[in-house]
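Chain letters run A, B, ... following the sequence lines, proteins first and then strands; every chain starts at 1. Fair warning: this is a prediction, and the values are worked out from it, not measured in the lab.
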Amino acid sequence: MNYDFRKIEAKWQEYWAKNKTFKASNNSDKPKFYALSMFPYPSGAGLHVGHPLGYIATDIYSRYKRHKGFNVLHPMGYDSFGLPAEQYAIQTGQHPAITTENNINRYREQLDRLGFSFDWDREVRTSDPKYYKWTQWIFIQLFNSWYNKKSDKAEDIETLISTFEKEGNANVEAACDDDTPSFSATDWNNFSAKTKQELLLKYRLTYLADTEVNWCPALGTVLANDEIVNGVSERGGYPVIRKKMTQWSMRITAYAQRLLDGLDHIDWPQPLKDSQTNWIGRSEGASVKFRVMSEKLRVDNSELKTQNPSLEIEVFTTRPDTIFGVSFMTLAPEHDLVAKITTPEQKAAVEAYVEATAKRSERDRMADVKTVSGVFTGAYAEHPFTKEPIPIWIGDYVLASYGTGAVMAVPCGDQRDYDFAKHYNIDIPNIFEGVDISEEAFADKATTIIANSDFLNGLSYKEATKKAIAELEKIGQGKGKVNYRLRDAVFSRQRYWGEPFPVYYVDGMPQMIDVEHLPLELPEVEKYLPTETGEPPLGNATHWAWDAKNKKVVSNDLVTLSARLPDGQAVEGSDKGDGMLNQVQHDGIYPLELNTMPGWAGSSQYFNRYMDPRNNEAIFSKEAIDYWQDVDLYIGGSEHATGHLLYSRFWQHFMFDRGYVPKAEYAQKLINQGMITGESAFVNRIGFNITFEGDDVIFKNNIPVTSGFGALSFLSEDEKQSLRLLQEKYKFIKKHFLSEGVIHHFKKSNDENEVSLEIREKLTNFFTKDLGKEIEELGLKNKVRPVFVRIGNKYSFYKTHALVDFVNLKNELDVDAFKNWQTEYKDAEFIGEDDGTFKVSREIEKMSKSKYNVVNPDAICEEYGADSLRLYEMFLGPLEQSKPWNTAGITGVFSFLKKLWKLYAPYVDGSLSGVEAEPTAENLKTLHKTIKKVEEDIENFSFNTSVSTFMICVNELTAQKCTSKSILEPLAVLVSPYAPHIAEELWERLGHSGSIAEVPFPKFEGKYLVESSKEYPISFNGKMRFKLEFPTDMDSKAIEAAVLAHEKTQEQLQGRAPKKVIVVPGKIVNIVG
RNA sequence: GCCUUGGUGGCGGAAUUGGUAGACGCGCUGGAUUCAAAAUCCAGUGUCUUCGGACGUGUGGGUUCGAUUCCCACCCAAGGUACCA
């Protein structure tokens, strides 16, 4: 009986679903294990073979843990809010909810075919109101919390209010806005309700702030940094301006230190930890203020004279110990002060430099360390201690976005400052004892002894730093500071398809909707674009106002006059036109927030929601969170390193502080699965231009290399114009593709040679067909002849993606399929190989629909089955590494499964006659070797090697003709996490009823592996030359004697006396000589 | 530039604490079976070779009886990035 994977897989998938085999219970005597894969965004393209890689790994581990006696939670869901559905909605008008639903159904179908042990009863969707109710709930908790630096945790905002009432904010140490004023208890108690709200916003963990965004007026939307190219929008090339917008922010900076410290307690990949560490970017040092020397300022700068007699430049430095080495300052060209301090003489140069800098990208400025550039502003700052003037420069090596956007330059201690000073002939004072700085800067803190520095002389880096900070504090021009690169996270998005904020505005001040009225559901809108007045898409909703009395969403028309959104906008229908709306009548009805939450909102607590996903009373019950605690194993892509994985840790810390969860870190172990890359196929064109003989063509070695269009003087203007049109039409050889072998000739010979001449002839023949015909139609057949001209002095190649499905294993293209694929290729022509085939070139790229290199798992399941696909994905290589997909290789694991099936033949077809065979010592050795290796592999997440182990095991048992049930039964369990369908089927055929899922994992017994002899490799100077077999209990001395006495040894030594003999018992013998 | 990861046959990869380099699979070659193909089975398959053997894990050094593995310097590729003061 053959291995009918289609039947078997359908049968068991149905069985698992019907019997809820993988349903996890929230109470059990078994130890718990929570295995989680990052949930996907359900895109319209469906799953490709790269997606399930991590899911398969998590599934194998989950199934293994079930065999090991754990109560396993292995859920799956969808991160279903997101931009693609919204963009599709903008294009087609279809509601994103519908698109999303369709995509989810498709994903579910695909996932079901792969035989995962998900507990589907716990599925969550971030766009489901029942789910985002709790995302809104967390937002409210954050709003109602502040960060107390004394207790080093988040606390209820009420504790802050009561402190304010008693003693004002003088003794409060909190994470808050920089511009928070100080006030007494009396002040506080006399403040208006609105002022109180404004002040509290400066402390809340989520707060409204004016944030600069990239606003594109033409598109009416905010753009991400990577949507902007050279200052204009990537789409359409419209101008982009920096615009302040009132947006919600998350005070993640309050947690900077704890997020950093927490990394020491979790088993996450080091590169990921590094990337979070760098993102948080902690540096210790001092903030120092330098006064700008006013007498050097522009005399007619009235603003400075009147308002800013003591203009200051604040810098952050990690080396306050080197303060006496400062010989200039550098401001970022974008720095606010630049325009104010620049002297008239320097104005032109500075402005030109600022303009030039604006055109460079930050990446560009950052990567280019070789060119030194900058301009002197003409202004001077005053050294805080020596009172000496310090020239102020601007330079693009200083970035405005970090620290204060200004640097105190210490050329003797910093290489960049050093290079800058050398380049512009600025003084380089040496403040290090016994160090030569004539060639380069000296940046070694460990061996630093400060000199020429007044009160710092003779001190080490540490001592001097401490002392310098103390002195700066004394004169009020600086203080010790820990600087973080991490910024508070903007939490507002001007989009439709996201969580609505549970927020309405009374007189511009945000109010939270009470939890019992959640969820606040997304309103329906006519169109998903921003409004004409530039409001987010929710501004299109007609029913988007909050009736605070009746606690429901009502029509915008009812909004009171005094109700304002925070940036002063009134909601549509409020006081437009005559302004006669009746305020009294509509009292208590307020505009709702028009922004929605960002993509990471829904994914920041989903792992906890899975613990109790149907709970409508709480985000999860206490029992559920107390039982499951945290995620034991989390598998997902490394691209989420600083997005999802940092923000979710922040929320978890917050939830921990407020006592909702028992663990501050939610995932003990995390693994980044590597990407599966695709092998793209390219058809190639070569870049020729055409011109016409009689034209001023220059020939070089018989090949035309340049073209013009001036010498066809014998033609009329009309005829010339027609030829120009033809030239344009045939520009490059657009529809003429060259096989890889043909291209290869050109690539090999960028200079002229006979090969390319021959091919050129071929090309000409192609053209004369089409082009010749057109020339004939113009009546110019006898006047001109087309000539092909190389562009520039090298051949240029153009490649176009071809759908990989059209290419066979020998890289041969199905030309007809390609022609029918897209209309533009319909009449394309192909210059093939000598044997008539047409070959494509191949390149490894990220698997993506746009690169036409995706491989669909459905097709693989259809042809080889899910078990083959699962095994093959694991067999490809180490889980964490990226590796190319090659469908051809799957036959290896497929035939393994067939061999496995055959091994069980006596049980499968019931042909076993007589008494069942006892296992032989050989059988047992093979089995236990396999148990040991597979168990170790799973524990180490080395799934690729266990597939090899299975193959070896089946090869050996087949050779041994093993039919023993006591071997085949445990083998089925071993295989079951990897290839669950076939394992279930074999288990049943072995005579068991019920699922194999919870059968105990076989126990390894070392006694079956004990050997009586060992084949020793005998090496000479480390090179293995031959092998000799000795009993395992033979001692080193005896082995040495036996080896030396052996004739092969003598042969190797050729009469030399061995200098040394190393015998490692059980391992190796090495003879030196 | 910096950070991270990686570099082993034609390809994916294996080698667990420094101990037989290339397991396992693909591909390829030859053979069996077949009218033929697919499928299946058997044998071979790192390179060079004077058929004794020699060489071989990105390059160059080093440590060691012994290095894919440890150390130093460098080259290349991929991903990330913030010249972070």
Would you measure the distance from the [atom1] atom in [N] across to the matching atom in [M] and give it in whole Å?
N: B/rU4; M: B/rG44; atom1: C1'; answer: 42 Å
N: B/rG7; M: B/rG13; atom1: P; answer: 9 Å
N: B/rC26; M: B/rA73; atom1: P; answer: 43 Å
N: B/rU20; M: B/rG56; atom1: C1'; answer: 15 Å
N: B/rU64; M: B/rC75; atom1: C1'; answer: 26 Å
N: B/rU45; M: B/rG80; atom1: P; answer: 43 Å
N: B/rA21; M: B/rA78; atom1: P; answer: 33 Å
N: B/rG52; M: B/rA38; atom1: P; answer: 39 Å

Looking at the side chain of [X], which of [options] is the nearest nucleotide?
X: A/K1027; options: B/rU20, B/rU5, B/rC65; value: B/rU20
X: A/E936; options: B/rU16, B/rC41, B/rA21; value: B/rU16
X: A/P884; options: B/rC3, B/rG19, B/rG12; value: B/rG12
X: A/K883; options: B/rC24, B/rC26, B/rG13; value: B/rG13
X: A/M951; options: B/rG12, B/rU5, B/rC24; value: B/rC24

Scan [X] against the nucleic acid and name what it touches under 4.0 Å (heavy atoms): base, sugar-phosphate only, or nothing.
X: A/N944; answer: sugar-phosphate
X: A/N1070; answer: base
X: A/V1072; answer: sugar-phosphate
X: A/I1062; answer: base
X: A/T945; answer: sugar-phosphate
X: A/K932; answer: nothing

Task: Aromatic plane relationship, A/W600 with A/Y647 - under 30° parallel, 30 to 60° tilted, over 60° perpendicular - done: parallel
Task: A/F941 and A/F943 aromatic ring geometry - parallel, tilted or perpendicular at 30°/60° bounds - done: perpendicular
- [ ] Indicate whether any N or O donor in one side chain lies under 3.5 Å from an N or O acceptor in the other, for A/D488 and A/T253.
- [x] yes
Open item on the list: For the residue pair A/E284 / A/T318, report whether a side-chain donor-acceptor contact shorter than 3.5 Å exists.
Closed with: no
Is the phosphate of [N], meaning OP1 or OP2, less than 4.0 Å from a side-chain N or O of [X]?
X: A/N672; N: B/rU5; answer: no
X: A/R1025; N: B/rA54; answer: yes
X: A/K898; N: B/rU40; answer: yes
X: A/K1060; N: B/rC65; answer: yes
X: A/N940; N: B/rU16; answer: no

- [ ] Determine which bases of RNA chain B form Watson-Crick or G-U wobble pairs with both distances under 3.5 Å, and write the result as a 5' to 3' dot-bracket string with | for other-strand partners.
- [x] (((((((..(((......[....)))((((((.......))))))(((....)))..(((((..]....))))))))))))....
Open item on the list: Output the rounded distance in Å from CD1 (A/I1068) to P (B/rA15).
Closed with: 18 Å
Task: Glycosidic class, syn or anti, of B/rG58 using a 90° window around 0 - done: anti
Task: Min side-chain heavy-atom separation A/Y397-A/S373 under 4.5 Å - done: no
- [ ] With the side chain counted from C-beta on, respond yes when A/H335 and A/I394 share a heavy-atom pair under 4.5 Å apart, and no when they do not.
- [x] no
Task: Ionic contact status for A/D1035 with A/K1037, cut-off 4.0 Å - done: no
